[in-house]
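The figures that follow rest on heavy atoms only: side chains count, while hydrogens, waters and symmetry mates do not. Below, chain A is the first sequence line, B the second, and so on; all start at residue 1.
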Number of protein chains: 2
Amino acid sequence: MSASRIEELIAALRASGRRVTPTRRALIEQLVGASSHLTADELMARVGLADGPVHEATIYRSLDALERSGLIEHVHLGHGRAVYHLMDDLHQHLVCEVCGQVAEAPAGLFDVVQRRLVEHHGFVMRPYHFAVLGRCRRCEAAPVPILEEEPS
Amino acid sequence: MSASRIEELIAALRASGRRVTPTRRALIEQLVGASSHLTADELMARVGLADGPVHEATIYRSLDALERSGLIEHVHLGHGRAVYHLMDDLHQHLVCEVCGQVAEAPAGLFDVVQRRLVEHHGFVMRPYHFAVLGRCRRCEAAPVPILEEEPS
DNA sequence: ATCTTTGCAAACTTTTTGCACCAAT
DNA sequence: ATTGGTGCAAAAAGTTTGCAAAGAT
């Protein structure tokens with residue numbers, strides 16, 4: 001069950017020298033319980049619904065604290081808001097620029113590239129901060145999209 | 001020389017059904033002449049210096065026009081402003097999260113990943129819209145950075 | 001008791017939009 | 001003469017900050 005996972009994360013937060021507050025606990029709970037990735041304002045809404053309203057500044061500062069403690073990470077799926085997810089749930093995001101759908105790909109997707117970059121450029125890639133953009137199967141097959149709007 | 005390249009781009013712009021204006025011409029000239037990638041406000045400054053001030057809204061709308069015509073593309077190197085470059089100058093950007101330095105990697109870097117994504121996920125990757133984040137050789141070698149600020 | 005965290009309001013950065021005027025075709 | 005582009009001002013979107021009050025250790 002996820003209760004122990006939540007407690008582990010809380011313990012890690014405390015171990016990192018930061019304080020455990022209701023907002024931080026609620027954010028962790030939401031992120032553990034979430035089926036998909038959530039934006040800061042989605043998290044604010046859910047936390048507010050569960051435990052009463054929390055100010056946006058607090059949400060951002062708490063997310064920052066969780067991120068600095070190594071518990072979570074934010075990812076940019078395209079233009080607009082970032083999404084947050086737990087660090088131990090590493091994977092790549094495939095964002096369709098036509099329909100906006102987000103799929104997940106295994107974390108090892110970039111292993112080959114990572115090795116090449118270290119060897120040729122001395123560059124240690126951290127592959128999770130940005131999404132992979134492109135077109136999903138359906139949109140690639142479709143004749144031509146009507147919209148000109150890109151979600152990227 | 002780059003004069004003919006500029007004229008080619010102007011011709012392509014016209015061919016795409018859009019009008020050729022002093023601002024658009026100036027933007028193309030700056031992008032052709034630029035040694036590195038430029039942000040919208042850097043472009044505004046340079047264009048303004050050369051041909052007199054142009055409003056920011058016009059810069060953004062003109063860049064959008066050039067992008068929709070397929071002449072240029074914008075890339076996100078991290079948090080903050082996007083940078084613009086010519087479409088025919090495709091390559092990947094390696095951004096060091098510690099020192100902020102931007103290096104370039106060959107366009108084919110992701111070929112293997114691209115093939116894998118098509119085969120396994122039916123996903124056609126467009127690999128240029130986001131930078132590759134990580135640590136450059138120097139910062140990776142350094143004991144530990146003093147700053148906590150990430151340019152990402 | 002101390003030092004973090006929160007709430008509030010306000011600022012900030014980057015980009016976008018509505019509208020009237022101007023200019024490229 | 002059309003239609004698309006520009007300037008202006010103002011707003012939008014997303015996130016950050018200063019400060020005093022509240023809360024975790």
Rounded to the nearest angstrom, tell me the gap between atom CD1 in B/I59 and atom C1' in C/dT16. 15 Å
Donor-acceptor contact below 3.5 Å, side chain A/E67 vs main chain A/H74: yes
With a 4.0 Å cut-off on N to O distance, would you call B/E97 and B/R135 a salt bridge? no
Return the value, rounded to whole Å, for the distance between atom CG of B/L13 and atom C1' of C/dT25. 13 Å
Counterpart residues, side-chain hydrogen bond (donor to acceptor under 3.5 Å, both in side chains), relative to B/D111 (two or more places apart): none
Atom CG of A/L66 to atom C1' of C/dT6: distance rounded to whole Å? 15 Å
Would you indicate, yes or no, if C/dT14 has its OP1 or OP2 atom less than 4.0 angstrom from a side-chain nitrogen or oxygen of B/T39? no
In the structure I gave you, are the side-chain heavy atoms of B/V54 and B/L27 within less than 4.5 Å of one another anywhere? no
More 5' along DNA chain D: B/V54 or B/G17, using each one's nearest nucleotide? B/G17
Whole angstrom value for the distance that separates P of C/dA24 from CD1 of B/I10: 13 Å
Protein and nucleotides 11-15 of chain D: nitrogen or oxygen contacts under 3.5 angstrom:
from, atom 1, to, atom 2, distance (Å)
D/dG14, OP2, A/R81, NH1, 2.7
D/dT15, OP2, A/Y60, OH, 2.6

Just so I know, are the side chains of B/I72 and B/M87 near enough to count as touching, which here means a heavy-atom distance under 4.5 Å? no
I'd like a table of atom pairs between the protein and nucleotides 17-21 of chain C - only N or O on both sides, under 3.5 Å - with the distance next to each one.
from, atom 1, to, atom 2, distance (Å)
C/dG18, O6, B/R61, NH1, 3.3

A/H76 side chain to A/G78 main-chain N or O, any donor-acceptor pair under 3.5 Å? no
If I take atom CG from residue B/L109 and atom CZ from residue A/F110, how far apart are they, to the nearest 0.5 angstrom? 9.0 Å
Enumerate the residue pairs fulfilling ring pair (Phe, Tyr, Trp, His ring centres under 6.0 Å) with a member in residues 16-41 of chain A, sequence neighbours excluded, ordered by first and then second residue. A/H37-A/H85, A/H37-A/H91, A/H37-A/H93
So, are A/D88 and A/R5 salt-bridged, with charged N and O less than 4.0 Å apart? yes
Any side-chain donor paired with an acceptor under 3.5 Å for B/E73 and B/H129? no
Quick one: do A/R14 and A/E7 satisfy salt bridge (charged side-chain N to carboxylate O under 4.0 Å, His left out)? Show the steps, please. CA-CA 10 Å; A/R14 183 170 277 123; A/E7 292 315 316; over 6 Å; no
If you compare every side-chain N and O of B/S62 against the phosphate oxygens of D/dG5 (OP1, OP2), does one of them come in below 4.0 Å? no
Indicate if B/L133 and B/L94 have the same hydrophobic cluster label, given that clusters are the connected sets of ILVMFWY residues with side-chain heavy-atom separations under 4.5 angstrom. no
Measure from CZ on B/R24 to P on D/dG7 and round the result to the nearest Å. 11 Å
Which atoms of nucleotides 22-24 of chain D (N or O only) lie under 3.5 Å from a protein N or O atom, and what are those distances?
from, atom 1, to, atom 2, distance (Å)
D/dG23, N2, A/R19, NH1, 2.4
D/dA24, O3', A/V20, O, 3.4
D/dA24, N3, A/R19, NH1, 3.1

Rounded to whole Å, please give me the gap between CG in B/L63 and C1' in D/dG5. 14 Å
Would you find a donor on one side and an acceptor on the other, under 3.5 Å apart, between the side chain of B/Q92 and the backbone of B/A105? no
Transitively linked via ILVMFWY side-chain contacts under 4.5 Å: A/L66 with A/V32? yes
With five pairs defining each end axis, the helix from C/dA1-D/dT25 to C/dT25-D/dA1 comes out bent, to 10°, by 40°
